[in-house]
Amino acid sequence: MSAKRDRSSGVNKTSDRRKFLKGSLTVAAGIGLFDIVPRHVLGGPDHVPPSETFGAALIGVGGRGPGTFRDLSGKHKLNIRKIAECDVKFVGSADNKTRYTDFRRLLERKDLDIVAIATPPHWHALISIAAMDAGKDVLCEKPMTRFIAEGRAVIEAVKRTGQMFQIGTYGRFGSAGGGGPEIRKIIRAGFAKGHEVRVVKKGGFKVKQWSGPINVTPGDPPKNLDWDLYCGPSPLRPFHSPRFGGMHRGYWDYDGGGLGDMGQHYLDPISYRLGKDNTHPVKVEVSAPPAHPDVTGPWGWVKFTYADGVELILDSGEWGEPAGLQERSIGKNDLTAAQQAKLAEIPNEETMIGFGEAVKTRKQPGGNAEAAHYTSSIMHLANVAIRTGRTIQFDPKTERAIGDEEANRIIDQPMRAPWHI
Amino acid sequence: MPQVESAAKIWLDRIPNLEDGRRNPGLDPTVAAKLFDDILAEGEDAIVNVIDSLGESDNGKDWKTRLLLHGLLIHTGAKDREKGRERLELVYAKSLGDERADSAKTFVAMQLQWFATAKAVPALAAQLASKDIPLINAAAAALTAIGKPAVDSLRKAQANATGDAKIAIDHALKQI
């Protein structure tokens, strides 16, 4: 029943099919069969060969789901054949052919190459891992995870399976232009030390909008909803209607409030620009009232400090006094002549590729699991500080809070049976 | 006991009402710290009074109680408040053995998941014999969070467990 599967079987079967088709075409060309094989099979201008058509399914059809699925053929320009949809609210209408309730049944299909995941966030990591273990590439909606340890597990699944993973937010691609690469290069070279470098993101976190309603009378779940499966790895609660269908963002069981909703969008380009998509902050300070244990709530600001002194401030503007600190950038002119010379020697990074190209070339895309993990961890750390109400000292290597067991119990949470990472 | 309920009300009334009738408006941290200190200064009975004000179902009407009980553990999590935290853990764990609704015990077990140590293991392990699935799951999750000190008790409980309890215990041991 676990989302984890037998890792020795079922992996990369579809990739093998693609390799086989590619190899077959090479052999066909070599023995002069082009004359007798129709163009619609081999491809060419205006003809996409079958080997370039990808079977895809959508898991989580509400909210962003249809848009995420459309991105496969739109934004990512993949030739998609829609195989099926899966959702916990298909009870009574699922046929296990084109409509599934249980993603595990869907992932058994051999004609599936890609899954788009748009469930609530408490399912993102588990389904992503199960999909990759089943040999599927993954386009997963933000936020990538519900807590930090899940992110590490997704990265391990990518390494283990060789499948492609892309998070459904693309801010870093925009930041790759303009002054972004220069700041990134300066910070990654270690030249920010001794300088005041700070990014302040003010507002837009929808804190009140996604603060969970508290006094809700429980009722019976809709007949078409598998409530137990919806709760999944999170505690099985009485059915409170706001916990399902968008407002789930306001409950710690499923998401992280406005930070969970908007955080990864805002933080993806920032962490890229700051060159922090391969490390974590070492200190997180917070201004927030005591958090409720069940629902997300108000917070004022969160200040992150990285090991090199670079700072990031999230200022909600929706509670308390603002952090009151100004942005400070850094450019080539702030560096010594020796540093500038060293900087000129550092080669430019390769251009990031999108999910479509990643699927075809088998090279990880720009918003890959590792980059997405470090970005989503910023908002998770913010919520750890908000929930504990105190400064968190964090070890980027072990991904654990230093001397704070309570914080670590939010960073790595038990899951309800049978689910585990 | 009416006087017990009124004692808890003194604390609960110091928390502002919901915003728009639905959302936690946020208690000023300074006011909150004073409130938590006042409760702790009153001793074990005051904490038990608050626990006693938990509702008999998870319908949100006791949200102030939940905020208080959670706030106490957060407040005592600060480095210079270890003694308060130890006392809180003992009171929370002891309350699981009292006569109270499963929903209330489930909430207390969920709070222990945040901070409990080996000291709370016997009280949590005893909940694994409950018939209430959310309570079993909450106790199992708290024992999982405690980790190695909970293994012996989980194994002991595993021997006689059936159904959902067995699933939860097996799973807890697997996760530890």
Which of A/P293, A/S287, A/G320 touches chain B most, by non-hydrogen pairs under 4.5 Å: A/P293
Segment of B/I146 engaging chain A (4.5 angstrom heavy-atom cut-off): both
Contacting region of B/A138 [heavy-atom separation from chain A under 4.5 Å]: neither
Nearest heavy atoms of B/G26 and A/P298, plus distance in Å: CA-CG, 3.8 Å
Check: A/H292 and B/R66 side chains under 4.5 Å, non-hydrogen atoms: yes
Least distance between heavy atoms, A/P414 atom then B/A145 atom: CG-N, 4.2 Å
Side chains of B/F115 and A/E406 in contact at under 4.5 Å (non-hydrogen atoms): yes
Residue selection (most heavy-atom pairs with chain B, distance under 4.5 Å) from A/P218, A/G212, A/G297, A/G389: A/P218
Proximity breakdown for A/A407 and chain B, heavy-atom pairs closer than 4.5 Å: neither
B/N24 side-chain N/O to A/A291 backbone N/O, donor-acceptor pair under 3.5 Å: no
CG/B/D13: more than 12 non-hydrogen atoms of other groups inside 6.0 Å: yes
Closest non-hydrogen atom pair between A/R409 and B/A116, with its separation: NH2-O, 2.8 Å
Chain A contact via B/L73 - side chain, backbone, both or neither, heavy atoms under 4.5 Å: both
Verdict with reasoning, B/T144 to A/M415, per side chain to side chain contact (heavy atoms under 4.5 Å, CB included): CA-CA 9 Å; B/T144 305; A/M415 291 181 170; over 6 Å; no
Contacting region of A/D294 [heavy-atom separation from chain B under 4.5 Å]: side chain
B/K79 to A/G403 - nearest heavy-atom pair and separation: NZ-O, 3.2 Å
Structural part of B/N137 lying under 4.5 Å from a heavy atom of chain A: side chain
Exercise: identify the closest heavy-atom pair between B/L27 and A/P290: O-CD, 3.1 Å
Contacting moiety of A/R237, where chain B heavy atoms sit under 4.5 Å: side chain
A/H240 side-chain N/O to B/D58 backbone N/O, donor-acceptor pair under 3.5 Å: yes
Among A/I410, A/V216, A/T296, residue most engaged with chain B (heavy-atom pairs, under 4.5 Å): A/V216
Side chain proximity check, A/P242 to B/R22, heavy atoms < 4.5 angstrom: yes
Part of A/R390 within contact of chain B (heavy atom distance under 4.5 Å): side chain
A/W210 CH2 to B/R23 CZ distance, which is reported to the nearest 0.5 Å: 9.0 Å
Contact origin within B/L18 toward chain A - heavy atom pairs under 4.5 Å: side chain
Portion of B/Q111 that has a non-hydrogen atom of chain A nearer than 4.5 angstrom: side chain
